[in-house]
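In what follows, a single structure is set out as structure tokens and then discussed.
Every number for a ligand or one of its atoms is a count from 1 in the order of the listing.
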Amino acid sequence: MKMCAVALVLSLLAAAVWLGLTMTTPESSGGGTNPGGGGNPGGGEGDKECVPTLLPKADLGLCGNLEVFYMELGNISCKIIPKCNLYRQKITAWPQPIVKFPTAMDGAQYLLVMVDPDAPSRRDPRMKYWRHWVVSNIKAADIKAGNIRGNVITDYQPPTPPPTTGLHRYQFFVYLQGDRVISIPTKENRNRGAWKLQKFLQDHKLQNHETSTQFMTEHDGELTPPDY
Ligand SMILES: *[C@@H]1O[C@H](CO)[C@@H](O)[C@H](O)[C@H]1NC(C)=O
């Protein structure tokens with residue numbers, strides 16, 4: 001028993017040290033175009049360099065015929081949110097994006113799911129999936145126009161990646177819902193983290209998504225947040 005306790009304490013210590021180390025190791029800050037962490041703190045116009053860059057090749061797999069637009073930034077499907085203009089801070093407060101599926105089938109009904117598979121970090125995704133947004137019963141005409149409304153099962157929560165956790169992927173999946181009734185049990189819907197997306201899909205007999213996309217952003221805490 002005593003040996004067990006000692007071993008436990010030692011492994012806890014080791015874990016704490018490891019955690020401390022990983023927390024203080026600066027993650028590569030993606031984006032890369034603004035190593036000085038600058039951009040334009042005033043958020044003014046005219047910063048020609050301040051445009052989203054394409055995701056790395058390895059992350060383009062989910063890029064389908066689905067477009068995501070945020071105010072100011074525009075279409076960020078398959079892009080990395082740039083650090084300049086405080087975009088990485090602003091996106092944490094912006095309202096839900098326009099999500100457009102231009103080739104939605106007339107008369108069909110769709111389900112939209114937005115998740116972060118990199119919670120709390122891509123290296124250690126023990127809280128995957130973080131559920132950001134779930135809306136069912138979306139009419140084709142609405143999703144064609146980018147107007148996401150229907151039965152909001154989980155309210156939209158903006159990306160708020162924690163400090164030092166690197167770039168997070170924010171993934172959008174659209175499913176052909178048909179006449180399925182989609183729900184998430186109340187208790188499960190209280191927590192966003194560690195959501196069992198595969199189980200949810202199985203329970204609703206949903207298989208392949210119709211289309212998908214993703215973008216990436218990471219925490220930017222080095223500058224004072226702007227007033228908006
Ligand atoms: C949005 O961006 C994606 C990926 O770069 C691109 O395929 C798509 O055509 C863009 N759509 C619009 C309307 O700009």
Side-chain angles (χ1 to χ4, degrees), residues 28-35 39-40 43-118 122 128-135 138-150 156-161 166-177 197 208-220:
S28 70
S29 67
T33 45
N34 279 286
N40 186 344
E45 270 109 45
D47 189 349
K48 288 197 190 88
E49 305 280 297
C50 193
V51 289
T53 50
L54 202 62
L55 294 182
K57 253 201 192 127
D59 288 312
L60 292 176
L62 286 183
C63 300
N65 189 13
L66 188 64
E67 296 162 353
V68 176
F69 301 82
Y70 278 93
M71 51 196 292
E72 280 187 54
L73 263 171
N75 179 10
I76 49 83
S77 286
C78 295
K79 305 271 172 64
I80 298 176
I81 305 296
K83 186 178 162 87
C84 48
N85 282 352
L86 297 180
Y87 284 141
R88 289 179 181 176
Q89 293 187 25
K90 290 177 179 175
I91 200 171
T92 67
W94 282 339
Q96 70 181 55
I98 286 170
V99 179
K100 209 183 255 188
F101 181 25
T103 55
M105 253 191 323
D106 286 328
Q109 186 166 247
Y110 292 94
L111 164 72
L112 172 72
V113 170
M114 173 186 175
V115 288
D116 171 4
D118 304 322
R122 191 160 179 172
K128 94 187 256 176
Y129 288 87
W130 193 272
R131 196 174 65 255
H132 277 268
W133 201 17
V134 178
V135 183
I138 307 170
K139 293 191 164 51
D142 282 333
I143 200 164
K144 254 185 185 174
N147 182 11
I148 300 304
R149 57 176 182 174
Y156 173 73
Q157 183 187 57
T160 53
L167 285 166
H168 287 229
R169 291 166 291 173
Y170 293 89
Q171 306 183 325
F172 297 75
F173 298 101
V174 169
Y175 300 88
L176 195 52
Q177 184 184 333
L197 175 57
N208 302 327
H209 48 262
E210 285 293 296
T211 186
S212 62
T213 192
Q214 62 179 346
F215 69 84
M216 288 188 196
T217 185
E218 77 174 281
H219 183 84
D220 176 14

| side-chain contact (heavy atoms from CB on, under 4.5 Å), paired with Q171, selected from T213, L62, D116 |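 Going through the options one by one, the only one that passes is L62.
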
| Right, does atom 7 (O) of ligand 1 have protein non-hydrogen atoms nearer than 4.0 Å? |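 Within 4.0 Å of atom 7 (O) of ligand 1, no protein heavy atoms are found.
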
Return the residue, atom name and 0.1 Å-rounded distance of the protein heavy atom closest to [atom].
| atom | answer |
| --- | --- |
| atom 4 (C) of ligand 1 | S77 O, 3.5 Å |
| atom 1 (C) of ligand 1 | N75 ND2, 1.4 Å |
| atom 9 (O) of ligand 1 | E67 OE2, 4.1 Å |

| said: Determine whether the aromatic ring centres of residues Y87 and Y70 are separated by less than 6.0 angstrom. | reply: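 Between Y70 and Y87, the centre distance exceeds or equals 6.0 Å.
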
| field | Between CD on residue Q157 and CD on residue Q96, distance to nearest 0.5 Å | value |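 One gets 13.5 Å once the value is rounded to the nearest 0.5 Å.
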
| query | How close do L55 and K79 get, heavy atom to heavy atom, and via which atoms? | reply |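 Looking at all heavy atoms of both residues, the closest pair is CD2-O, 3.3 Å.
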
| message | Looking at K144, I want to see if its NZ is surrounded by more than 12 non-hydrogen atoms of other residues, nucleotides or ligands under 6.0 Å. | response |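 Yes, because the 6.0 Å sphere around NZ of K144 holds more than 12 heavy atoms from other groups.
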
| request: Determine, using heavy atoms of K79 and all atoms of ligand 1, whether some pair is separated by less than 4.0 Å. | output: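 It does; at least one heavy atom falls under 4.0 Å.
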
